[in-house]
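What follows is one structure encoded as structure tokens, with my remarks underneath.
All values below were derived from every heavy atom in this structure, side-chain atoms included, with hydrogens, water molecules and symmetry-related copies excluded.
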Amino acid sequence: MKQAIQQDYQTNPWKADFPALNKPVNGKLPVYLDTASSAQKPQVVIDVMRAVYENGYANVHRGVYSWSQETTRAFEDVRAKVANFIHGEPDQIVFTRNTTEAINLVAHSWGMDNLKQGDEILLTEMEHHANIVPWQLLRDKMGFKIKTIPIREDGSLDINAYEGLLSPRVKLVGIVDISNALGLVNPTTQIIEIAKKYNSDIKVLVDGSQSVIHRIIHIRALNCDFFTFTGHKLYGPTGVGVLWARKELLERMSPYQGGGDMIESVSFSGTTYKEAPAKFEAGTPAIAEVIGLGAAIDYIESIGMENIITHEKSLTDYCTQKLQNIEGLKLYGEGERTGIFSFKLDGCADNDVGMLLDQMDVYVRTGHHCCMPLMSKLGIDGTVRASFGLYTELQDIDALCDALNKCNKMLK
């Protein structure tokens, strides 16, 4: 039975900060519901990145002239901002291109030195391909085994099965903190505690690509060994990501790539490297992008993560209620979730739904969301996914649901 839902529209104080969301499309403002894929950018990030190029751009870590020195300071200030944002230390922060490169770095630099034939690593069935494929590539070279922590029918991780998979052979556990495909919040702290209690030498890698958007990260309290996230989901630019790792691990890990800026000295008889994190940042970095990430963090902290979390919870609760009133809609995943909703409309192809929503200026994602093993476990080939950001409003959810009701009438 459909429920009447009370509307209590309030002006979103942050939406005006995002220029793309304030430009009409087909005579009305677009409804952007694909933040889990990539967030829109506030004007302050766009302005800061433009200023990097307009006001004395120079390469970093190299020049003694003022432009280079000033750009280097701005670049390195972001390392401290990132560390503060997740409650870590600057010398634990490695800049990468994205989460994918960060995980590849760990697989190459830590994995090649520490995994061998007969070892095992554990990954969840809901991992993004970025936390599956790098380990498969390494497995094929080194002969260790990858085992999977299964999910239950409701999408939650089977903790009992996980405990049964732990053995002296397990060297690493990899877990996505919040599922990008289902929006479910995993019991990451519990997963880490169980692993460390079984064997304190087991390393734990956390994919935090979604969690840094939707929750406060206390990396010291989390007690993982590696934590990754990407800038473009955090209202920053593409081309920059972050690997946090324990300092003692970074010190022992081999360089991921070789080239300029990560060396102390080079000769044809041998090369010596800088200390971490510089050891892992070969070549000219994404200078404007890193500085843009710093601007995004400044912007988020000016609002306050607590305020963002409160806002998004109200959206999530509202959307959960509204979707229950859509005829033939099946929502995937039960339990604590963030503003990510994966669903199917009975009798309607996902891509048809996505394209029809686009014609109504509602932008969602369709497909497997880079989680093909998860979709296979759920017995489907993909879903329609709507995901929120700090700029999302109740009106956007209403627009989504109105459009889905029209899909029911037009596609069946």
*Take atom CE of M410 as the centre, draw a 6.0 Å sphere, and report whether it contains more than 12 heavy atoms from other residues, nucleotides or ligands.*
no
Side-chain donor/acceptor of [X] to backbone N/O of [Y], under 3.5 Å:
{"X": "K279", "Y": "K274", "answer": "no"}
{"X": "R62", "Y": "V60", "answer": "yes"}
{"X": "T366", "Y": "V384", "answer": "no"}
{"X": "K116", "Y": "M142", "answer": "no"}
{"X": "N408", "Y": "E327", "answer": "yes"}
{"X": "E127", "Y": "V176", "answer": "yes"}
{"X": "N223", "Y": "E193", "answer": "no"}

_Is a donor from one side chain sitting under 3.5 angstrom from an acceptor on the other, for N26 and D361?_
yes
*asked:* With no hydrogens and no angle check, just 3.5 Å: does a side-chain donor-acceptor pair link N180 and H128?
replied: no
Charged N to carboxylate O below 4.0 Å: is that the case for [X] and [Y]?
{"X": "K406", "Y": "D402", "result": "no"}
{"X": "E54", "Y": "R50", "result": "yes"}
{"X": "D201", "Y": "K171", "result": "no"}
{"X": "E336", "Y": "K313", "result": "no"}

*Please determine which of V206, I194, I202, L205 meets the side chain to side chain contact (heavy atoms under 4.5 Å, CB included) test together with V173.*
I202
Under 4.5 Å between any side-chain heavy atoms of [X] and [Y], yes or no?
{"X": "Y256", "Y": "T96", "answer": "no"}
{"X": "T189", "Y": "L222", "answer": "yes"}
{"X": "K344", "Y": "V353", "answer": "no"}
{"X": "N114", "Y": "K203", "answer": "no"}
{"X": "S342", "Y": "H369", "answer": "yes"}
{"X": "L138", "Y": "M112", "answer": "yes"}

*Relative to each other, are the rings of H368 and H129 parallel, tilted or perpendicular (30° and 60° limits)?*
tilted
*Should the pair H218 and H87 be assigned to parallel (<30°), tilted (30 to 60°) or perpendicular (>60°) ring geometry?*
parallel
_Taking every non-hydrogen atom, the tightest pair across G88 and W244_ = CA-NE1, 4.3 Å
*Could you point out which residue of Y299, W14, F18 forms a ring pair (Phe, Tyr, Trp, His ring centres under 6.0 Å) with Y391?*
F18
*Of K196, R252, K247, which is the lone residue that meets salt bridge (Lys or Arg N to Asp or Glu O under 4.0 Å) with D225?*
K196
*Got a second to check how far T35's OG1 is from I340's CD1, nearest 0.5 Å?*
9.0 Å
*Rounded to the nearest 0.5 Å, what's the gap from CD1 on I103 to OG1 on T228? Could you check?*
4.5 Å
*asked:* Do K330 and Y332 form a cation-pi contact, if we require the NZ or CZ to be under 6.0 Å from the six-membered ring centre and within 45 degrees of the ring's axis?
replied: yes
*Test side chain to side chain donor-acceptor pair (under 3.5 Å) on Q69 and T72 and set out the steps.*
CA-CA 5 Å; Q69 293 292 304; T72 299; 5.5 Å; no
*Is the centre of the F75 ring less than 6.0 Å from the centre of the F95 ring?*
yes
